[in-house]
Every structure is written in C-alpha cells, then in structure tokens.
Number of protein chains: 4
Amino acid sequence: MAKLQKSIEKRNALIQATISLVNNNGFHATPMSKIAKMANVSPATIYLYFENKQDLLNKVYIEVKQAFTSYVFTNYTPDTPVADGFKLIWNRIADFKLKEMEEALFLAQCDNTPIIDETSRQEGLIHLQPLLDLWKRGQEEGILKPMSPYLLYAYSINPLSFLMVMQNRGAFKLNEETLEEAFQAAWNSISI
Amino acid sequence: MAKLQKSIEKRNALIQATISLVNNNGFHATPMSKIAKMANVSPATIYLYFENKQDLLNKVYIEVKQAFTSYVFTNYTPDTPVADGFKLIWNRIADFKLKEMEEALFLAQCDNTPIIDETSRQEGLIHLQPLLDLWKRGQEEGILKPMSPYLLYAYSINPLSFLMVMQNRGAFKLNEETLEEAFQAAWNSISI
Amino acid sequence: MAKLQKSIEKRNALIQATISLVNNNGFHATPMSKIAKMANVSPATIYLYFENKQDLLNKVYIEVKQAFTSYVFTNYTPDTPVADGFKLIWNRIADFKLKEMEEALFLAQCDNTPIIDETSRQEGLIHLQPLLDLWKRGQEEGILKPMSPYLLYAYSINPLSFLMVMQNRGAFKLNEETLEEAFQAAWNSISI
Amino acid sequence: MAKLQKSIEKRNALIQATISLVNNNGFHATPMSKIAKMANVSPATIYLYFENKQDLLNKVYIEVKQAFTSYVFTNYTPDTPVADGFKLIWNRIADFKLKEMEEALFLAQCDNTPIIDETSRQEGLIHLQPLLDLWKRGQEEGILKPMSPYLLYAYSINPLSFLMVMQNRGAFKLNEETLEEAFQAAWNSISI
DNA sequence: GATGAATGAGTATTCATTCAT
DNA sequence: CATGAATGAATACTCATTCAT
C-alpha cells in the first residue's frame with residue numbers, strides 16, 4: 001500500500017517536473033536528467049514509468065488535458081440552459097487557467113507545437129464533447145451562430161489561452177473586471 | 001554585386017530552411033546541420049550570417065514578424081475610418097496567414113513557446129502600433145469597447161492563428177464563407 | 001525437499017536461459033534482465049545463485065563443459081582398443097553436438113571469445129584427460145601420428161564444431177552419410 | 001591530397017583499434033570511446049567514417065576478410081596442378097594466420113559469434129571461390145574425396161584457426177615442424 | 001567568403017547490481 | 001528465499017560550434 005502510494009507520488013513528481021521545466025525552458029532545453037533531478041529520482045527511474053522522452057511528454061499532455069476537461073465540466077449537466085451552461089463552462093475554463101496556470105501554459109505550448117504525437121493530440125480532444133453538444137443545442141435553439149465549432153472555439157474559448165500567456169509574461173492582468181470583459185467579448189462573438 | 005546578391009540569397013535560403021524545418025519538426029528536432037543541408041550551404045557558413053543558433057532563430061522571428069506587419073499595413077493610412085480600417089487590416093492579416101502559411105505557422109509556434117528571446121519578442125511587437133492607434137481612435141469615437149488592447153487582440157486577431165493551425169492540421173477549412181463568419185465574430189466581439 | 005528441488009530448477013532455468021540468449025544474441029546483447037525474464041525469476045534472484053554476470057557465465061561454461069565430457073566418455077573404459085575407443089568417443093562427441101546443439105553452440109562461442117575467465121577455461125579442460133590418454137596409447141602403439149595433442153584435437157575433434165555451426169546456419173547438413181565422411185577424414189588425418 | 005591521406009589514415013587507425021580491442025576484450029567490452037582513444041580521435045569522429053557501432057564492426061570484418069583472401073590467392077593461378085595449388089594456398093593461409101595474427105584472431109571471433117550481420121558474413125565468403133574451384137577440380141581428377149566443400153574446409157582449413165587460437169593462448173607453438181605436421185594431417189584428411 | 005572535417009560537451013537510454021520488504 | 005523498485009555508472013550517439021585550408 002505504502003509502496004503503491006510512493007510509486008504514484010513519484011510518477012506525479014515526474015509529471016510536475018516535466019510541466020514546469022518545459023514551460024520555463026521549452027522541450028528542447030529540458031533534458032531527462034533535469035526532470036529527474038527536479039523530481040528527486042535517478043534518470044533511470046523515469047524509464048520505469050515512461051517508455052522514453054516522447055512517451056513521457058505524450059502522457060503528461062493527455063493527463064493534463066484530462067484534468068482540464070474534468071475540471072471544466074464539473075457541475076455542468078447536459079440539461080442546463082444553453083446560455084447558463086456556456087457561462088458555467090466558460091468560467092470553469094477561465095478558473096482553470098488562472099488557478100492551474102502551469103498546466104494551462106503547458107497545454108498552450110503543446111497545442112501550438114509539433115512536439116506531441118498526433119494520436120495523443122486526438123486522445124486529448126475527445127473529452128471536449130459536452131461543449132460541442134452544448135453548442136449544437138444552442139444553434140438548434142437559434143441562440144448561437146450557425147458556425148463550425150472550430151470558429152466557436154477560436155472566438156469564445158481560445159482567446160483565454162492567449163490572455164493567460166500574456167498575463168504570464170507580465171503584460172496583462174486577468175482580474176474580475178477583465179474577465180467580465182472577456183466573457184462579454186466571447187459571448188458577443190458567438191451569439192446571434 | 002553578384003557576390004552581394006549571392007550572399008543575400010544564401011541568407012534567405014537559411015531563413016526559409018529554418019522556418020520550414022522548425023514548422024515540421026519543432027525547434028528541438030531542427031539541428032543546424034539540417035538547416036545547412038536544406039539551404040545548400042556548409043554548417044560553418046551559417047555562422048557567417050548568424051552568431052549562433054539562438055541568434056538565427058531570433059533574427060528569423062524578427063524578420064518574419066516585420067514581413068507580417070509590413071504586409072498587414074500596406075494600403076492602410078491612419079486617416080481611414082475606424083470600421084473600414086479595421087476591416088482592411090483584418091483582411092490583410094487573414095490574407096497573410098493564408099498566403100504565407102509557413103511564415104504564419106512559424107510565428108504561431110514562436111509566440112507560444114519560450115524559444116525566442118524576450119528582447120526579440122519585444123522588437124517584433126513595436127510595428128503593430130498602427131493597429132493599436134486605430135483601436136484607440138475607435139474607442140474614442142465610441143465604436144469599440146473600452147477594453148485593454150490585449151483583449152481586443154485576443155478576440156479579434158488571435159483567433160485567426162488558431163484557425164490557421166487547425167487548417168494546417170486538416171481539421172478546418174478557411175474559405176470565403178468561413179472567413180466572413182470569422183470577421184463577423186471578430187467585429188461583434190470588440191465593437192459596441 | 002520440495003524447496004531444494006525448486007531451487008535447483010530455478011538455477012537450471014537460469015542456466016538454460018543464459019545459453020539460449022547468448023547463442024541467439026551474443027553475450028553483448030544478453031542483459032541480466034532478459035535472462036531473469038526468460039527464467040521466470042526476478043533479476044535480483046540471479047544474485048542468489050551467482051555472484052555476478054561474469055560468474056554466471058563462467059559457471060554455465062563449466063557445467064556445460066562437464067555435461068559434455070561426461071556424455072562423451074560414457075561407455076568408454078581405458079582398456080578399449082585405441083581404434084574402437086576413438087571411434088566410440090568421436091561418435092559420442094558428434095552425438096552430443098547433434099542432440100544438445102544449444103549447449104554445443106554455446107561452448108563453441110565461448111571457446112573462440114574472451115568472455116570466459118582463463119581459470120574457468122582451464123577447469124573445463126581437465127575432464128578431457130581420458131581422450132588424451134587414449135591418444136598417448138595410440139601413439140605408443142604406433143597407430144597414431146606422434147603429434148601434439150593440440151594437432152590431434154584440431155584435426156579430429158574440432159572440425160565437428162565448425163560443421164555444427166555451419167549446420168546451425170543452415171548451410172550444411174550433418175546426417176549419417178556426412179558423419180561417416182567426417183569420421184573418415186578425422187581418422188585419416190591423425191592415423192598413420 | 002594530404003587531407004585525403006589523413007582521412008584514410010584515420011579510418012585505418014579506427015579499424016586497427018577495433019580489431020585490437022575486440023580481440024582483447026570482446027565486442028561487449030569494447031566501447032566506442034576506447035576505440036576512439038586508441039585511434040587518437042574524438043568519439044564523434046568515428047561517426048564520420050561509420051554509421052554506428054554495428055556498421056563499424058561489419059565494415060572491419062569485411063575488409064579484414066578481403067585482406068585475408070587477397071593475401072591467400074596471391075601467386076595462385078587456376079591452372080596450377082591441384083596438389084601444388086592446395087599446398088600453395090594452404091601455406092598462404094597459415095602464413096597469414098602467423099603474420100597477421102591480430103586480423104586472423106578477429107576473424108575467428110567473428111566467425112563463431114552472432115556479432116556480424118548475416119549479409120556482411122555472406123559478403124566475406126564470396127572471395128573464397130578460387131579454393132572451391134580448386135577442390136572441384138581435384139575431385140574431378142579423383143585426387144580429393146568427393147565430399148561437401150564444408151567438410152573439406154572443416155578438415156583442411158579450419159583447424160588452422162583452432163591452432164592459432166591455441167598458440168595465442170600460449171598453449172601451443174606453430175613452427176616449421178608443427179606446420180608440416182598440420183599440412184600432412186590436412187592433406188590426409190581430404191585426399192583419396 | 002566558404003567549407004568540410006573535427007570535436008567537446010552533452011543527451012537519451014541501458015544495465016548490472018542492490019536493498020527494503 | 002524471493003522480489004520489484006531503484007539507481008549510479010556507463011554507453012552509443014548527436015550536435016552546436018570551430019578551424020585549417
């Protein structure tokens with residue numbers, strides 16, 4: 001029991017170290033040895049938990065993406081009215097990006113870079129379905145513009161990533177006021 | 001003259017090779033030797049034009065960014081009415097992302113990654129001033145929401161990057177129709 | 001008793017695994033972990049039976065060599081006439097190489113390679129004495145050429161190793177006919 | 001010109017170092033770094049001349065084998081009478097094993113071990129054809145036993161490898177007398 | 001200017017071996 | 001006895017950079 005516990009902790013430490021180092025230095029400047037050191041294990045130990053560096057990265061990506069979607073859809077049920085549902089989900093996304101900035105930044109980097117395997121990328125996408133369903137419902141009800149979900153995502157969700165990156169670089173501050181402005185912009189862009 | 005010409009051509013070949021390789025393989029999988037090979041020069045030759053790999057990357061970034069802004073503001077004059085001016089600029093940006101996809105993808109990767117020096121990043125920003133001025137004018141005229149330019153950018157400009165990346169991955173198609181939808185979403189998000 | 005039995009079985013499994021893996025992949029590509037896996041034990045268990053990898057290899061060599069000589073001299077008694085005795089022993093050697101090919105191939109590889117300690121090699125040799133005695137007798141009786149036993153061995157015994165390796169590589173077939181030819185060649189080379 | 005010369009010298013130094021180290025320590029205990037050190041180059045330099053460790057080994061094997069066969073058939077012409085021809089070739093083989101012991105030992109190790117690629121092994125064989133032709137002629141003339149060339153090789157040629165290994169281990173001495181005995185044994189084993 | 005050969009300093013990965021359980 | 005997890009010490013191989021020509 002204690003052993004399993006320790007094993008899980010080590011794996012998590014590796015994942016956290018990877019996120020942190022890739023965020024700060026980029027994938028190309030994140031050697032396995034540094035990850036090991038930050039996680040307080042030997043480099044060889046990484047290979048007990050992950051097949052190789054690419055596998056480590058893929059697995060971290062998938063798990064962070066799952067944590068993200070899991071966080072996002074907490075409290076949401078498919079019978080929530082469209083406008084309320086969208087606001088709920090949007091706020092959870094914003095919350096996640098603010099509270100789990102490391103994870104969110106990591107995702108942003110992976111999503112704009114060819115460092116993740118295509119299959120892992122796909123695997124990360126499937127859990128977004130409830131949002132797509134919500135949008136479809138909104139379109140059927142005539143509340144949302146009849147556009148491709150990619151457009152809906154590009155204008156209502158993705159901007160948060162940009163804003164978070166800017167906040168991380170110290171150029172911009174996400175607070176109650178700017179978040180409200182952001183939500184209005186998001187809603188205006190997709191609602192009829 | 002012929003010599004200078006050849007020199008410039010070599011430099012351009014190096015820049016193009018860097019863009020192409022970083023796009024396809026990521027920075028971490030783009031060795032100098034490959035760049036040299038693709039540009040048909042010796043690895044040593046790179047160091048006649050750039051100080052080192054980081055310098056090469058920074059310079060490529062800055063030049064591509066300049067090409068981008070230069071393209072974007074062609075035909076635009078500061079006395080254009082706000083709505084027309086925004087539409088003009090927005091369309092040029094969309095144009096660039098469609099016609100110079102390699103360059104645009106490269107910028108998207110650099111902008112979400114810690115591979116570019118902060119100073120180079122700043123240098124890439126300064127040429128965006130005309131757009132910021134336009135927005136300020138629009139806000140003074142009560143046409144645009146009185147938000148931070150970061151918010152304006154996040155919602156009216158940045159989504160195009162996301163859409164382009166998606167198009168590049170084969171998931172989405174930017175055509176006359178979707179571009180029009182995109183523009184409406186952009187305008188709705190920032191206009192009062 | 002059952003415990004001792006199991007212990008012996010494990011040790012044998014380790015020896016067999018070592019032989020098989022070294023034969024197929026060579027010593028350099030035979031990690032302890034693979035040996036353990038093939039023998040269905042933990043890597044750590046190997047060290048309960050052998051001091052280290054070198055010791056494992058030496059012990060395997062010695063035991064296989066003993067199995068070989070023991071097999072070879074079964075039914076042979078020192079009072080057998082020289083010609084009969086040689087034929088008897090030669091046939092047993094040929095038999096062993098055909099029936100215990102794994103073991104024989106392992107010996108061939110060890111005998112031509114610096115992977116076995118010199119002392120272990122010596123230890124493997126001592127049990128060949130009956131053959132040396134037979135040869136001495138044959139020379140005293142004027143039946144065998146008065147040559148160094150190394151020459152006798154090189155021409156009458158060692159060729160079987162070569163033929164077995166060739167058969168293992170699929171290039172040659174040892175059957176009743178070729179074995180008879182081989183024996184004639186062997187006998188012709190050493191008899192007066 | 002001087003550059004090409006140096007290049008060839010470096011390559012040869014690498015080959016010699018490989019032979020020497022593999023002979024003394026075995027393939028498994030011959031790291032690239034040691035080979036580099038012995039050849040007075042950087043480890044990275046090896047990879048300018050050979051693709052990887054396996055390629056290095058294969059190439060060394062092939063070149064040594066070619067040197068061997070080339071040495072062996074010097075002075076031999078296909079019209080030499082069978083007995084004379086065999087004696088000539090046999091002596092050259094013995095000569096090579098005595099004078100180029102390092103090379104010969106290396107071949108012996110490679111020939112009894114799965115460290116060489118099968119294709120490289122095949123490539124090493126093709127140059128032995130003149131000997132096979134000689135044997136065929138001898139069989140047609142009724143001088144040699146009508147056996148498989150593998151048997152002829154096993155009994156008339158291969159024993160020299162064994163004797164050389166023994167001499168290298170200090171157990172046996174190849175001199176004029178023992179060489180003559182060896183030749184007689186070889187000839188007796190294959191001649192009618 | 002231009003180059004190709006050369007390399008030192010890494011880097012991912014492996015593996016023999018140990019040790020707490 | 002037996003083990004699986006852990007690791008330090010290699011090891012093959014890469015790559016940004018240099019330098020003699």
Value in whole Å for how far the [atom2] atom of [N] lies from [atom1] of [X]:
X	N	atom1	atom2	value
D:Gln54	F:dT11	CD	P	17 Å
D:His28	F:dA10	NE2	P	15 Å
D:Lys37	F:dT11	NZ	C1'	13 Å
B:Glu51	F:dA16	CD	P	16 Å
D:Asn25	F:dT11	CG	P	11 Å
B:Ile46	F:dC15	CD1	P	13 Å
B:Ile35	F:dT14	CD1	C1'	15 Å
D:Tyr47	F:dA12	OH	P	6 Å

Nearest nucleotide by nearest heavy atom, which residue falls closer to the 5' end of DNA chain F, C:Lys10 or A:Asn40?
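Result: C:Lys10.
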
Reading DNA chain F from 5' onward, which residue's closest nucleotide shows up sooner: A:Tyr49 or D:Thr30?
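So the residue in question is A:Tyr49.
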
Nucleotide opposite F:dA20 in a Watson-Crick or G-U pair, distances under 3.5 Å
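Per the H-bond distance test, E:dT3.
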
For E:dA12, which nucleotide is its Watson-Crick or G-U wobble mate, given both distances must be under 3.5 Å?
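Its partner is F:dT11.
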
Taking salt bridge (charged side-chain N to carboxylate O under 4.0 Å, His left out) as the definition, give me every residue that meets it alongside B:Lys10, ordered by chain and number, with sequence neighbours left out.
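Not a single residue meets the salt bridge (charged side-chain N to carboxylate O under 4.0 Å, His left out) criterion with B:Lys10.
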
Using OP1 and OP2 only, check whether a side-chain N or O of C:Ser7 sits under 4.0 Å from F:dC1.
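Answer is yes, contact under 4.0 Å.
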
Has C:Ser42 got a side-chain N or O lying under 4.0 Å from the OP1 or OP2 atom of F:dA2?
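For F:dA2, OP1/OP2 do not have a side-chain N/O of C:Ser42 under 4.0 Å.
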
Just checking, any donor-acceptor pair under 3.5 angstrom between side chains of C:Asp55 and C:Tyr47?
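No donor-acceptor contact under 3.5 Å links the two side chains.
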
Using the rule given for salt bridge (charged side-chain N to carboxylate O under 4.0 Å, His left out), can you reason through A:Glu9 versus A:Lys6, listing the C-alpha separation, both sets of side-chain angles and the distance that settles it, and then say yes or no?
CA-CA 5 Å; A:Glu9 272 169 30; A:Lys6 252 200 162 172; over 6 Å; no

Is it the case that D:Lys65 places NZ or CZ above or below the six-membered ring of D:Phe106, under 6.0 angstrom from the centre and within 45 degrees of the axis?
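Judged by the rule, D:Lys65 and D:Phe106 form no cation-pi pair.
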
Here's one to test your reading of the geometry: is the NZ or CZ of C:Lys59 within 45 degrees of the ring axis of C:Tyr49 and under 6.0 Å from its centre?
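So C:Lys59 doesn't make the cation-pi contact.
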
Should we count CD of D:Gln54 as having more than 12 external heavy atoms under 6.0 Å?
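Yes.
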
With DNA chain E as reference, determine whether C:Lys53 or A:Pro43 sits nearer its 5' end, using the nearest nucleotide of each.
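Comparing both residues, the 5'-ward one is A:Pro43.
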
Taking 5' to 3' order, which nucleotide of DNA chain E is first and which is last to have an atom within less than 4.0 Å of a heavy atom in chain B?
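Result: E:dG1 to E:dG4.
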
Within the structure provided, determine whether C:Gln109 and D:Thr113 are in side-chain contact (heavy-atom separation under 4.5 Å).
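Yes; the side chains approach each other to less than 4.5 Å.
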
